[in-house]
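Heads up, the thing below is written out as structure tokens.
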Amino acid sequence: MSKDDYLKQQLKESFLIIDSCLKCYYQNDNHMYKPLAGQLRILFCDSRGKNDNSLLPRVFPQITLNILEPIDWSDNQSSSLKLLQNSEGSNRISSMPLEIKQYKNGLAIADLIPAKNEKQVDIPTWVNQHLTHYPTSLTIKDVIRNLADKGGGAHVDSNLSAQQRYMNQMTLVGRSFGEMFIIAMSKLAQRIGENIFEYEGVKIPTELTSEEHMSYKLDLIAHQDYSDALIRNSR
């Protein structure tokens, strides 16, 4: 087997592992987000020393992905939060490019929200997009590497950074921010694998998706001065 064939086989197996983990997750085995984080690291943001060693761009360097919807700041209301304050109120709502859905059996999943302009970038650029600036800045790469390297994906670190503490906080569906981020990225990875290797991956059971369920964006509240500073720095 040539080196190229070997790497392509490893790539296929990584996508199949993601598919298997998602199948377990859809059966409410919530802990499966941890091995998913390890596979996402292999695919998107692995490194050897100071050099990028990510498997997906090594095998298919031409692949590009849609950029995410920009982080949005609102003065009063988003899909899941509403600020009750007077006209001089100093808080703002930060909406992340992530949509969460929760079904009647308790299953919670998430999806990344692509930008409407459908602009595409290479994978090294894509993983450096910000998912949130508050209460600490997190890129896609930050989430994957923190959970894979320190949060149980491959290693466990008892000295929690500010990023890890934030990702351990609970969302409205009772699952952590980090878990929801990883599930959203894993679903995207699954679609990439389906397109490359032409297979049909596991899906959420139709008996759940056909029923009424909760759906909202992931939002947080920040002080105006803080949000204004973040907006200026992100331009």
Side-chain angles (χ1 to χ4, degrees), residues 8 11-12 14-15 18-19 22 33 36-37 39-46 52 54-75 77-81 92-102 108-134 137-145 171 177-204 206 209 213-220 227 230-235:
K8 191 170 183 179
L11 180 66
K12 183 176 182 179
S14 183
F15 283 124
I18 286 175
D19 197 63
L22 283 174
Y33 79 93
L36 283 168
Q39 293 303 311
L40 291 173
R41 173 188 166 153
I42 291 171
L43 289 174
F44 293 105
C45 51
D46 199 14
D52 183 74
S54 305
L55 185 56
L56 181 54
R58 287 172 68 193
V59 180
F60 293 103
Q62 74 277 16
I63 282 184
T64 57
L65 300 175
N66 289 336
I67 64 170
L68 301 182
E69 183 178 89
I71 297 170
D72 181 55
W73 293 90
S74 170
D75 290 345
Q77 188 169 356
S78 69
S79 61
S80 61
L81 293 176
R92 299 292 182 267
I93 298 176
S94 170
S95 293
M96 305 173 208
L98 196 78
E99 182 181 52
I100 293 179
K101 295 178 182 178
Q102 187 170 41
I109 59 95
D111 289 284
L112 297 170
I113 303 175
K116 294 180 177 62
N117 61 16
E118 298 184 348
K119 178 182 176 181
Q120 295 195 332
V121 294
D122 60 21
I123 288 174
T125 303
W126 186 82
V127 297
N128 281 299
Q129 294 178 97
H130 278 90
L131 292 167
T132 182
H133 288 297
Y134 182 82
S137 290
L138 282 174
T139 64
I140 294 171
K141 183 176 181 179
D142 290 332
V143 172
I144 295 173
R145 290 298 298 258
T171 63
F177 283 94
E179 180 179 330
M180 291 292 93
F181 287 142
I182 290 297
I183 295 304
M185 294 169 208
S186 298
K187 292 181 69 183
L188 173 63
Q190 181 190 52
R191 292 194 294 274
I192 296 171
E194 288 176 323
N195 289 332
I196 292 175
F197 294 106
E198 298 181 344
Y199 66 91
E200 182 69 24
V202 66
K203 299 294 184 289
I204 299 170
T206 54
T209 58
H213 54 269
M214 296 171 58
S215 180
Y216 50 87
K217 290 181 70 174
L218 194 55
D219 302 317
L220 288 170
S227 65
L230 289 172
I231 293 169
R232 286 194 301 270
N233 292 336
S234 64
R235 288 171 178 167

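The residues of the chain are indexed from 1 along the displayed sequence.
Put simply, CD on Gln120 and OG1 on Thr125 are 12.5 Å apart, with the number rounded to the nearest 0.5 Å. For the atom pair OG of Ser54 and CG of Leu40, the computed distance is 11.0 Å after rounding to the nearest 0.5 Å. Atom CZ of Arg145 and atom CD1 of Ile140 lie 14.5 Å apart (nearest 0.5 Å). Atom SG of Cys45 is separated from atom CG of Leu56 by 11.5 Å, given to the nearest 0.5 angstrom. Rounding to the nearest 0.5 Å places CZ of Arg191 at 12.0 Å from CD1 of Ile18. With values rounded to the nearest 0.5 angstrom, Ile183 atom CD1 is found 6.0 Å from Met180 atom CE.
Taking the six-membered ring where the residue is Trp, Phe197 and Phe60 present perpendicular rings, their angle passing 60° and hence far from 30°.
You'll find the side chain of Leu98 stays beyond 4.5 Å of the side chain of Ile113, heavy atoms only. Residues Met96 and Leu131 have side chains not in contact (no heavy-atom distance under 4.5 Å, counting atoms from C-beta outward). Between Lys203 and Gln190, some side-chain heavy-atom pair lies under the 4.5 Å cut-off. Residues His130 and Leu138 have side chains not in contact (no heavy-atom distance under 4.5 Å, counting atoms from C-beta outward). Looking at heavy atoms from C-beta onward, Ile67 lies out of side-chain contact with Pro114 at the 4.5 angstrom threshold.
For residues 118-130, no pair satisfies salt bridge (charged side-chain N to carboxylate O under 4.0 Å, His left out), with sequence neighbours left out.
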Before giving the answer on side-chain contact (heavy atoms from CB on, under 4.5 Å), spell out for Ile63 and Ile196 the whole-Å C-alpha distance, their side-chain angles and the decisive distance to 0.1 Å. CA-CA 10 Å; Ile63 282 184; Ile196 292 175; 3.7 Å; yes
Stepwise side-chain contact (heavy atoms from CB on, under 4.5 Å) check, Lys116 with Glu69: CA-CA 7 Å; Lys116 294 180 177 62; Glu69 183 178 89; 3.5 Å; yes
Leu43/Leu11 under side-chain contact (heavy atoms from CB on, under 4.5 Å): CA gap, chis, key distance, verdict: CA-CA 8 Å; Leu43 289 174; Leu11 180 66; 3.3 Å; yes
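For Lys187 against Ile109, the heavy-atom pair with the smallest separation is NZ-CD1, 3.5 Å. Of all heavy-atom pairs between Asp52 and Asp46, the closest is OD1-O, 3.4 Å. Considering all non-hydrogen atoms of both residues, Ser186 and Leu22 come closest at O-CD1, 4.0 Å. The minimum heavy-atom distance linking Phe44 with Ala189 is given by the pair CE1-CB, 4.0 Å. Residues Gly201 and Asp19 share a closest heavy-atom pair of CA-OD1, 3.1 Å. Shortest non-hydrogen contact noted between Gln102 and His213 is O-CB, 3.1 Å.
When only modelled atom types and interatomic distance are considered, Gln129 and Thr139 share no side-chain donor-acceptor pair under 3.5 Å.
Judged by distance alone, the side chain of Trp126 and the main-chain N or O of Asn66 form a donor-acceptor pair under 3.5 Å.
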